[in-house]
Number of protein chains: 2
Amino acid sequence: MNIGDVATHAGLPAKTIRYYEDIGLVQPKRSANGYRTFRQSDVHKLAFLGRARALGFTIEDCRSLLKLYADTARASAEVKHIAQEHLGRIDRKIAELTEMRATLGNLVESCAGDHRPDCPILADLAV
Amino acid sequence: MNIGDVATHAGLPAKTIRYYEDIGLVQPKRSANGYRTFRQSDVHKLAFLGRARALGFTIEDCRSLLKLYADTARASAEVKHIAQEHLGRIDRKIAELTEMRATLGNLVESCAGDHRPDCPILADLAV
DNA sequence: CTTGACCTTCCAGCGGGTGGAGACCCCATC
DNA sequence: GATGGGGTCTCCACCCGCTGGAAGGTCAAG
């Protein structure tokens, strides 16, 4: 399969797939004309990557997950560990954003938003 | 004031302050020895930037907010508009993360996390 | 006069791609 | 055989918002 078809099947831009090859996540073969040739297993891998990335796993997480996926003697504990770390990151990020949201929400509510210059948002930023 | 003191007062790393000068957010003077010299108003500006960044505003937002702050004839509507746009971004981000959290949370819960290879997390990623 | 803390510039790199230039390649149509 | 259009190739630059480090200048204290 050529990169364009793979892009369609895996739901990733061709550019991203090339980038994933660059950083060693997939190793497609090359045909005589120099085009990348993807096996079914590569397409599968890329779809896996797409889903892992959609869940917010970092590229390095993805690398580890792919390794574990390929290793049928893995311990699920290892996978779970990675996922839990990531869950922690997500929770921290949500907490951070929620706090921003609260502060900023209050400020926005208290701002008249009219033609006058008085603005609690700026007042707060300026302290 | 030299950059080190400003860093302390404004709560920003010196590197960041230099960067902010680079992109035109502050314009400190220079003393004879080439050192940056910050006026009180610069320090104030940098503290403003620090707070705006802590609320997640982009650098470009900050640039606009500083301009509005300096303009005593501003309409608070303009400030509110920027803040509301940002609020929307935050809300979308929170929604995205919350969805990730839900999916990943379920997967993590359903994973035994022991020495055995069976893993619902990998199973889900592989589809 | 030296030491050590500060300051300067410049260049490189993070993560995770994305855009574009310029050049091949392949197939279909005239 | 020429031409056109789509795919593909590599390479380099850029996005954001810094951050780290190297190599050097400056200043005050001891």
Side-chain angles (χ1 to χ4, degrees), chain A residues 1-38 42-43 45-46 48-66 82 85-86 89-90 92-93 96-97 100, chain B residues 1-38 42-43 45-46 48-66 85-86 89-90 93 96-97 100:
Chain A
M1 239 196 252
N2 282 352
I3 201 164
D5 302 316
V6 178
T8 309
H9 280 264
L12 292 173
K15 278 260 178 190
T16 300
I17 297 174
R18 288 195 197 100
Y19 172 67
Y20 286 174
E21 184 192 13
D22 235 47
I23 61 174
L25 289 179
V26 274
Q27 290 92 25
K29 307 270 174 219
R30 298 288 177 136
S31 44
N33 59 13
Y35 285 18
R36 287 167 184 82
T37 303
F38 296 83
D42 292 319
V43 181
K45 228 177 187 177
L46 286 164
F48 181 105
L49 285 168
R51 279 183 293 268
R53 291 290 297 133
L55 283 179
F57 284 106
T58 66
I59 291 285
E60 283 320 302
D61 283 344
C62 289
R63 204 185 293 278
S64 308
L65 289 171
L66 273 182
I82 294 174
E85 290 272 300
H86 180 40
R89 290 196 303 262
I90 291 178
R92 281 190 296 282
K93 193 74 198 166
E96 188 191 333
L97 287 172
M100 281 183 191
Chain B
M1 238 197 252
N2 282 351
I3 199 164
D5 303 315
V6 178
T8 310
H9 277 93
L12 291 172
K15 278 263 179 190
T16 300
I17 297 174
R18 288 195 197 98
Y19 173 67
Y20 286 175
E21 184 193 13
D22 235 48
I23 62 173
L25 289 180
V26 273
Q27 290 92 28
K29 306 270 175 221
R30 297 289 177 134
S31 45
N33 59 12
Y35 287 17
R36 287 168 185 82
T37 303
F38 297 82
D42 291 319
V43 181
K45 226 176 186 178
L46 285 164
F48 181 105
L49 285 168
R51 280 183 292 269
R53 291 288 300 133
L55 283 178
F57 284 106
T58 66
I59 292 285
E60 284 320 302
D61 283 344
C62 290
R63 203 185 292 278
S64 308
L65 289 171
L66 273 182
E85 290 272 299
H86 180 38
R89 289 197 303 262
I90 292 178
K93 193 75 197 169
E96 188 190 333
L97 287 172
M100 281 183 191

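In what follows, every chain begins at residue 1, and chains take the letters A, B, ... in the order their sequences are listed. The shown structure was predicted, so the numbers you read here are calculated from the model rather than taken from an experiment.
Here B/R18 reaches the OP1 or OP2 of C/dT8: one of its side-chain N or O atoms lies under 4.0 Å away. Contact between the side-chain N/O atoms of B/R30 and the OP1/OP2 oxygens of C/dT9 is found at a separation under 4.0 Å.
Distance, A/N2 CG to C/dC26 C1': 10 Å, rounded to whole Å. Going from atom CG of B/D22 over to atom P of D/dT19 covers 14 Å, rounded to whole Å. Put simply, CD on A/E21 is 14 Å from P on D/dT8, counting in whole angstrom units. Rounded to a whole Å, the CG atom of B/L49 is 13 Å from the C1' atom of D/dG17. Between the CD1 atom of A/I3 and the P atom of C/dC26 there is a distance of 16 Å, given to the nearest Å.
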Requested in this report: Apply salt bridge (Lys or Arg N to Asp or Glu O under 4.0 Å) to the pair A/R89 and A/D61, showing each step before the final yes or no.
Outcome: CA-CA 12 Å; A/R89 290 196 303 262; A/D61 283 344; 2.6 Å; yes
Query raised in the report: After noting the C-alpha distance and the side-chain angles of B/F57 and B/R63, does the key distance pass the side-chain contact (heavy atoms from CB on, under 4.5 Å) rule?
Result: CA-CA 10 Å; B/F57 284 106; B/R63 203 185 292 278; over 6 Å; no
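Residue B/I23 is out of contact with every strand shown, counting any heavy-atom pair closer than 4.0 Å. Across all strands, A/R36 comes closer than 4.0 Å only to sugar-phosphate atoms, never to a base (heavy-atom distances).
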Report task. Do nucleotides 12-25 of chain C as a string where each nucleotide becomes B, S or -: B if the base has a protein heavy atom under 4.0 Å, S if just the sugar-phosphate does, - if no protein is that close. Result -> ----BBSBB----B
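The shortest side-chain heavy-atom distance between A/L46 and A/V43 does not fall under the 4.5 Å cut-off.
Residue pairs that meet the salt bridge (charged side-chain N to carboxylate O under 4.0 Å, His left out) test with at least one member in residues 22-33 of chain A, sequence neighbours left out, are A/E21-A/R30.
The CG atom of A/D42 sits 9.5 Å away from the OG1 atom of A/T37 when rounded to the nearest 0.5 Å. Once rounded to the nearest 0.5 Å, the distance linking OG1 of A/T58 with NE2 of A/H86 reads 8.0 Å.
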